[in-house]
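This chain uses plain numbering: 1 for the first residue, then up along the sequence.
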Amino acid sequence: MVTGVGIDRLLADAREGLTRVQPDELVARQGDGAFVVDVRPSETRTVEGHVPGAVVIDRLVLEWRLDPTSGASISDGPGLDDEVIVVCNEGYASSLAARDLQRLGFHRATDLVGGFRAYATAGGQVQKDPTNVATAVPTSADASA
């Protein structure tokens, strides 16, 4: 017996609360102060490149790195009132991540329609190396030492 709403409904529900960003709008939004976070796997980023100015945060720890109350947040992360734009490969996982960030209080969290691949296809600037990788955050074991 299948139960639950299914991924298509879950994705549609997540997107209802988002004002999604088109690929050709990303650079202007960054210029206006949007915090762009790339949650794509390192294997994909290595092959396809990076959005200039984006902060790379592994999807598994996204909420902990951005939530200022988590104890594992990055020091230069966005505030709850800042626009946060999540970028994934094709704009699916990023919608779910943006929804989760909104639940944490980032009311302006959203994602990029079509993800990195749509951005690159639309002629967006791509660079080989990341601008910033947010991985060096103290763990609870480090804090007790």
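- With sequence neighbours left out, the side-chain hydrogen bond (donor to acceptor under 3.5 Å, both in side chains) criterion links Ser70 to no other residue.
- From Leu96, atom CG reaches atom CG of Leu101 across 11.0 Å, with rounding to the nearest 0.5 Å.
- The CG atom of Leu60 sits 10.5 Å away from atom CZ of Arg65, with the distance rounded to the nearest 0.5 Å.
- Between His107 and Asp81, the side chains place a donor N or O and an acceptor N or O closer than 3.5 Å (distance only, hydrogens not considered).
- Taking OG of Ser95 as the reference point, atom CG of Asp13 lies at 12.0 Å (rounded to 0.5 Å).
- Under the 4.5 Å side-chain heavy-atom criterion for grouping Ile, Leu, Val, Met, Phe, Trp and Tyr, Val86 is connected to Val61 within one hydrophobic cluster.
- Hydrophobic clustering, with ILVMFWY side chains joined whenever heavy atoms are under 4.5 angstrom apart, groups Leu80 together with Val37.
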Item to complete: Please lay out, stage by stage, how Arg117 and Thr44 fare under the test side chain to side chain contact (heavy atoms under 4.5 Å, CB included).
Response: CA-CA 11 Å; Arg117 292 177 181 153; Thr44 304; 3.8 Å; yes
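- Judged by distance alone, the side chain of Asn132 and the main-chain N or O of Val55 form no donor-acceptor pair under 3.5 Å.
- The hydrophobic clustering, which links ILVMFWY residues whose side-chain heavy atoms are closer than 4.5 Å, places Leu62 and Tyr92 apart.
- Of the possible donor and acceptor atoms, one in the side chain of Gln102 sits under 3.5 Å from a partner among the backbone N and O of Gly17.
- Note that CD of Gln30 and CZ of Phe35 are 10.5 Å apart. Values are rounded to the nearest 0.5 Å.
- In this structure, CG in Asp58 is found 11.0 Å from CH2 in Trp64, a value given to the nearest 0.5 Å.
- The hydrophobic clustering, which links ILVMFWY residues whose side-chain heavy atoms are closer than 4.5 Å, places Leu112 and Val84 apart.
- The hydrophobic cluster containing Val113, built from Ile/Leu/Val/Met/Phe/Trp/Tyr side-chain heavy atoms closer than 4.5 Å, comprises no other residue.
- Between Ala122 and Pro23, the closest heavy-atom pair is CB-CB, 4.2 Å.
- Around atom CD of Glu48, more than 12 heavy atoms belonging to other residues, nucleotides or ligands sit under 6.0 Å away.
- At a threshold of 4.5 Å between non-hydrogen side-chain atoms, the residues Leu66 and Leu104 do not count as touching.
- Between the side chain of Thr110 and the backbone N or O of Leu18 there is no donor-acceptor pair closer than 3.5 Å.
- The minimum heavy-atom distance linking Arg45 with Asp38 is given by the pair CD-OD2, 3.6 Å.
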Worksheet item: What's the verdict on side chain to side chain contact (heavy atoms under 4.5 Å, CB included) for Asp32 and Glu83, showing C-alpha distance, side-chain angles and the deciding distance?
Response: CA-CA 9 Å; Asp32 290 340; Glu83 181 176 33; 5.9 Å; no
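- Nearest heavy atom pair, residue Gln127 against residue Asp129, reads NE2-O, 2.8 Å.
- In this structure, the separation between OG1 on Thr121 and CZ on Phe116 is 9.0 Å, given to the nearest 0.5 Å.
- Heavy atoms only, all atoms of each residue included: Ser73 and Pro68 are closest at OG-CA, 3.8 Å.
- Exactly one residue among Arg15, Arg99, Arg20 makes a salt bridge (charged side-chain N to carboxylate O under 4.0 Å, His left out) with Asp111. That residue is Arg20.
- A side-chain donor-acceptor contact under 3.5 Å links Tyr119 to the backbone of Gln125.
- Val56 and Ile85 are assigned to two separate hydrophobic clusters, defined by single-linkage of ILVMFWY side chains at heavy-atom distances under 4.5 Å.
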